[in-house]
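Encoded as structure tokens, the structure appears first; notes follow it.
Scope of the values below: all heavy atoms of this structure, side chains included, with no hydrogens, waters or symmetry mates. The first residue of the sequence shown is numbered 1, and numbering continues consecutively from there.
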Amino acid sequence: MRLTILFLMMMGISMDAQVGILTTSPTRSLDVNGDARVRVLSDILMPNVSQVLVTNISGLLQKATPIDVLYSSGLYNRNAGSNNYWTGIYVGSKACRLDFTGRIADYATDFTFSVLYKIGTGFQMISQNVVTINPNDATSFYVNWGSVDYLFRFTLSGNTASVNVTQNGGGGWSQGTFRSIPIMD
């Protein structure tokens with residue numbers, strides 16, 4: 001009789017088991033309402049890391065690539081496509097330095113620039129390479145290459161910014177990465 005009950009319990013666990021720790025209503029196979037601890041983890045060298053363990057905003061454990069983790073931090077923002085748009089660039093509450101490394105597709109030209117962005121004041125050029133940067137107003141500036149002007153326009157939302165790039169002349173696009181260094185004082 002005991003063997004039959006044990007067998008039936010094991011069958012039930014393997015079919016549709018959800019285990020809750022400090023919760024009476026688990027929503028996943030393992031649902032922990034509290035801290036977790038792992039006492040021993042093996043080291044792994046970076047070239048061998050293909051995925052890392054992360055949590056989403058709801059606390060669900062998920063996997064991501066190291067590059068995805070880096071670019072979702074708000075400190076690095078990549079646009080690899082052709083839509084001329086970046087979101088979630090962390091600018092802090094007062095000012096930040098923005099370093100950009102990218103490419104103008106019209107001419108297959110790589111370029112870099114760095115600006116100091118003070119909220120409410122606008123942009124101050126720190127450095128530029130290959131292109132010419134001209135401030136437009138407190139939330140935008142032009143990047144000029146040849147006969148093409150690219151207007152980088154920032155839209156603030158709290159401590160983050162979105163950037164939309166439009167071009168005057170030519171028909172291409174820009175792509176690249178913003179690196180944000182917030183200035184806290």
Side-chain angles (χ1 to χ4, degrees), residues 35-36 46 49-185:
D35 293 334
M46 260 319 277
V49 174
S50 61
Q51 296 177 341
V52 293
L53 185 64
V54 297
T55 62
N56 69 13
I57 198 164
S58 299
L60 292 176
L61 293 174
Q62 296 178 317
K63 61 184 178 182
T65 68
I67 295 296
D68 289 336
V69 171
L70 177 67
Y71 284 107
S72 68
S73 69
L75 301 179
Y76 286 83
N77 296 83
R78 166 183 63 177
N79 172 351
S82 59
N83 61 2
N84 296 322
Y85 193 69
W86 292 260
T87 61
I89 299 171
Y90 185 64
V91 294
S93 59
K94 296 180 182 180
C96 72
R97 175 185 170 135
L98 296 170
D99 297 325
F100 183 83
T101 302
R103 168 170 277 226
I104 296 174
D106 284 7
Y107 304 99
T109 301
D110 294 329
F111 68 102
T112 62
F113 64 79
S114 294
V115 295
L116 177 63
Y117 180 52
K118 292 184 180 177
I119 295 174
T121 303
F123 300 93
Q124 174 186 346
M125 292 311 309
I126 297 172
S127 67
Q128 52 198 8
N129 176 355
V130 178
V131 295
T132 303
I133 307 291
N134 296 307
N136 182 50
D137 57 33
T139 60
S140 64
F141 58 87
Y142 285 102
V143 173
N144 178 265
W145 173 257
S147 62
V148 181
D149 283 327
Y150 290 85
L151 178 64
F152 283 68
R153 180 166 302 282
F154 285 69
T155 304
L156 290 177
S157 176
N159 291 339
T160 62
S162 298
V163 179
N164 188 37
V165 179
T166 56
Q167 62 268 357
N168 179 18
W173 41 270
S174 62
Q175 66 182 16
T177 299
F178 277 99
R179 176 177 172 238
S180 173
I181 305 167
I183 299 170
M184 305 310 251
D185 51 325

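- In this structure, the side chains of Thr101 and Arg179 stay at 4.5 Å or more apart for every pair of heavy atoms.
- Residues Thr155 and Asn164 form no side-chain contact, since every pair of their non-hydrogen atoms from C-beta on lies 4.5 Å or further apart.
- The minimum heavy-atom distance linking Phe100 with Gly176 is given by the pair CZ-CA, 3.9 Å.
- Across Val130 and Phe111, no two heavy atoms sit closer than the pair CB-CB, 4.3 Å.
- For Ser93 against Asn159, the heavy-atom pair with the smallest separation is CA-OD1, 3.6 Å.
- Taking CZ of Phe123 as the reference point, atom CG of Asp137 lies at 8.0 Å (rounded to 0.5 Å).
- Looking at Asp99 and Ser114, their side chains do bring a donor and an acceptor atom within 3.5 Å of each other.
- Cys96 has its side chain out of reach of Ile181: every pair of non-hydrogen atoms, C-beta onward, lies at least 4.5 Å apart.
- Atom CD of Gln128 and atom CD1 of Ile133 lie 5.5 Å apart (nearest 0.5 Å).
- Atom CD1 in Ile89 sits 10.5 Å away from atom CG in Leu156 (nearest 0.5 Å).
- For the pair Ala161 and Phe154, the tightest heavy-atom approach, listed with the atom from each and the gap, is CB-CD2, 3.9 Å.
- Ser162 approaches Gly88 most closely through the heavy-atom pair OG-N, 4.4 Å.
- Aromatic rings of Phe152 and Phe113 (six-membered ring for Trp) have centroids within the 6.0 Å cut-off, being under it.
- Rounded to the nearest 0.5 Å, atoms CG (Asn136) and OH (Tyr142) are 4.5 Å apart.
- Nearest heavy-atom pair across Lys94 and Ile183 is CB-O, 4.4 Å.
- Interatomic distance, Lys63 NZ to Leu53 CG, rounded to the nearest 0.5 Å: 11.0 Å.
- From Leu116, atom CG reaches atom CD1 of Ile126 across 5.0 Å, with rounding to the nearest 0.5 Å.
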